[in-house]
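The residues of the chain are indexed from 1 along the displayed sequence. Fair warning: this is a prediction, and the values are worked out from it, not measured in the lab. Because only heavy atoms are used, hydrogens play no part in the values below, and waters and symmetry mates are left out as well, while side chains stay in.
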Amino acid sequence: MPRTPPSGADAELIALLAARGVKVSAYQLERWRAQGLLPRNPYRSLGRGRGRAARLTPEITVTAELLGRTARQGRKNADLTELVKGISAQNPAVVRAACVTGLTDLADQTGARPGHGAGPDDGAQARLDAAAHLARTQRHHGGLHNDLRALLAEHGLDVDDIPELPPMEHPALLELAVRLFSSGRGEVGLDEIADALGAAWNWPQDAVEEMQHSLARSEIEALTRGEDPWDDLPPVHDVHSLIAAVQECGDTELLRTAETVTTTSSYQMMAALGSLAGLAQPALPLAVRPEATKAMLRHPIWLTWGQFASRAGSFSNASQAFAIAVGLRTPGFIDRLADYRELLRGLLRLDHLASRLQPGAVPAARSAVVPESQAPRGDGHPGGAPFGAREGHGR
């Protein structure tokens with residue numbers, strides 16, 4: 001394949017990925033296309049006899065980034081492999097290093113510089129620009145929960161006790177989350193929270209202004225008392241705090257948190273796919289029964305954590321490192337996540353499958369339908385979210 005300088009859409013793609021910390025070449029792009037891994041750029045007419053030009057699409061951008069992060073040439077991909085190796089070998093030093101690497105990779109994408117502080121003279125504009133860019137270029141998910149809920153209704157199940165989540169297609173909320181991660185709360189005003197929520201959920205302007213006034217009053221009252229106005233809000237998980245949590249925790253706590261997060265993430269992805277399979281073709285292996293899917297959708301940890309962990313990109317080293325670090329900073333969350341993991345095992349009937357693969361094994365009895373005694377409480381009490389929800393917040 002010719003190694004000629006890229007032009008047009010490929011040049012734009014290479015520059016876009018480089019800004020996100022992913023280096024690829026025109027040769028790599030062509031090699032992936034030849035292997036059928038990356039779609040070719042579609043063409044658009046330039047009009048008036050000027051010919052046509054290739055154009056870049058969001059799908060191609062996302063696919064190329066995934067390939068660039070997982071199939072890099074000329075260097076060992078030590079990301080998720082090293083994390084899994086460290087957990088399997090019960091080696092806290094390897095796990096700690098893999099988590100710091102993942103968090104640092106995320107920081108690089110957002111313009112943050114771990115260990116250098118985050119003041120107005122230390123790249124604030126670069127972090128602001130990076131957050132806006134990431135929010136614009138990321139796919140905005142959130143439909144899996146509502147899709148599964150709709151499918152359950154089509155199968156005749158009562159879904160009135162499953163909340164229907166509002167759509168979040170606007171990048172404002174993601175941009176705010178990225179800024180909080182890269183800069184902490186020093187560069188984000190409380191009024192911006194109201195702006196982001198209003199844009200994400202299409203609130204009327206008077207509702208946004210009412211929330212802004214409420215936050216402003218709370219801020220003034222807290223400062224008057226000599227308190228931090230952020231104390232009554234969900235904790236901010238910025239990159240500096242997350243890296244410190246990984247570096248300062250004990251070995252036993254780190255290994256337990258990492259093992260719980262990674263195994264539950266695996267089960268969650270299988271349960272999401274199994275739920276779709278169970279609603280479409282119940283005879284497939286690991287298909288989850290509709291009644292069990294309903295129990296999952298009602299669970300607080302699904303609402304605040306599981307649906308996000310079901311995305312394809314969530315099982316990367318950076319995403320797992322983020323979830324591990326947040327788990328370390330959220331008291332009680334890992335205990336709740338471990339309980340949720342057992343629920344997922346029951347939904348997937350993993351012990352039943354193991355007994356079929358290993359006839360000599362004697363599995364513990366678990367039902368694919370969650371007993372009422374194990375179902376989440378009707379008050380929707382949150383089970384803790386890796387994206388930073390205090391009790392009563394984050395949904």
Can you check whether [X] reaches [Y] side chain to side chain, under 4.5 Å on heavy atoms?
| X | Y | result |
| --- | --- | --- |
| Asp195 | Gln212 | yes |
| Ile301 | Asp339 | no |
| Glu82 | Thr101 | no |
| Glu30 | Arg40 | yes |
| Leu29 | Ile14 | yes |
| Met270 | Leu344 | no |
| Ile243 | Thr104 | yes |
| Leu83 | Ile324 | yes |

Just how far is it from atom [atom1] of [X] to atom [atom2] of [Y], taken to the nearest 0.5 Å?
| X | Y | atom1 | atom2 | value |
| --- | --- | --- | --- | --- |
| Ile334 | Thr260 | CD1 | OG1 | 5.5 Å |
| Phe322 | Asp105 | CZ | CG | 14.5 Å |
| Glu342 | Tyr267 | CD | OH | 7.5 Å |
| Leu337 | Thr263 | CG | OG1 | 7.5 Å |
| Met211 | Asp206 | CE | CG | 14.0 Å |

Q: Answer with yes or no whether the hydrophobic clustering places Val261 together with Val84; edges join I, L, V, M, F, W, Y residues whose side-chain heavy atoms lie under 4.5 Å apart.
A: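 The answer is yes; both residues are in one hydrophobic cluster.
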Can you tell me if [X] uses its side chain to pair, donor with acceptor, with the backbone of [Y] under 3.5 Å?
| X | Y | answer |
| --- | --- | --- |
| Gln90 | Ile87 | yes |
| Ser218 | Ser214 | yes |
| His237 | Ala325 | no |
| Arg349 | Val288 | no |
| Asn91 | Lys85 | no |
| Lys294 | Asp158 | yes |
| His155 | Leu279 | yes |
| Arg149 | Ile162 | yes |
| Asn317 | Ala98 | yes |
| Thr330 | Gly327 | no |

Which atom pair, heavy atoms only, marks the closest approach of [X] to [Y]?
| X | Y | answer |
| --- | --- | --- |
| Leu148 | Ser275 | CD2-CB, 4.0 Å |
| Gln268 | Ala309 | CG-CB, 4.3 Å |
| Met296 | Trp302 | O-CB, 3.1 Å |
| Arg329 | Ala245 | CG-CB, 3.5 Å |
| Cys249 | Leu328 | SG-CD1, 3.9 Å |
| Gly86 | Val94 | CA-CG1, 3.7 Å |

Q. Taking 4.0 angstrom as the limit, do Arg256 and Asp335 come out as a salt bridge?
A.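 The answer is yes: the pair qualifies as a salt bridge.
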Q. So, are Arg96 and Glu248 salt-bridged, with charged N and O less than 4.0 Å apart?
A.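 Judged by the 4.0 Å cut-off on N to carboxylate O distance, Arg96 and Glu248 do not form a salt bridge.
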Q: Evaluate whether atom CD of Glu210 has more than 12 neighbouring non-hydrogen atoms of other residues, nucleotides or ligands under 6.0 angstrom away.
A: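 No - once you tally the heavy atoms of other residues, nucleotides and ligands closer than 6.0 Å, there are 12 at most.
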Q) Can you list the residues that meet the side chain to side chain contact (heavy atoms under 4.5 Å, CB included) rule with Ser25, with sequence neighbours excluded? A)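 With sequence neighbours excluded, Ser25 shows a side chain to side chain contact (heavy atoms under 4.5 Å, CB included) to Tyr27, Gln28, given in chain and number order.
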Q: Given side chain to side chain contact (heavy atoms under 4.5 Å, CB included), test Gln320 with Thr262 step by step and report yes or no.
A: CA-CA 7 Å; Gln320 293 293 291; Thr262 54; 3.3 Å; yes
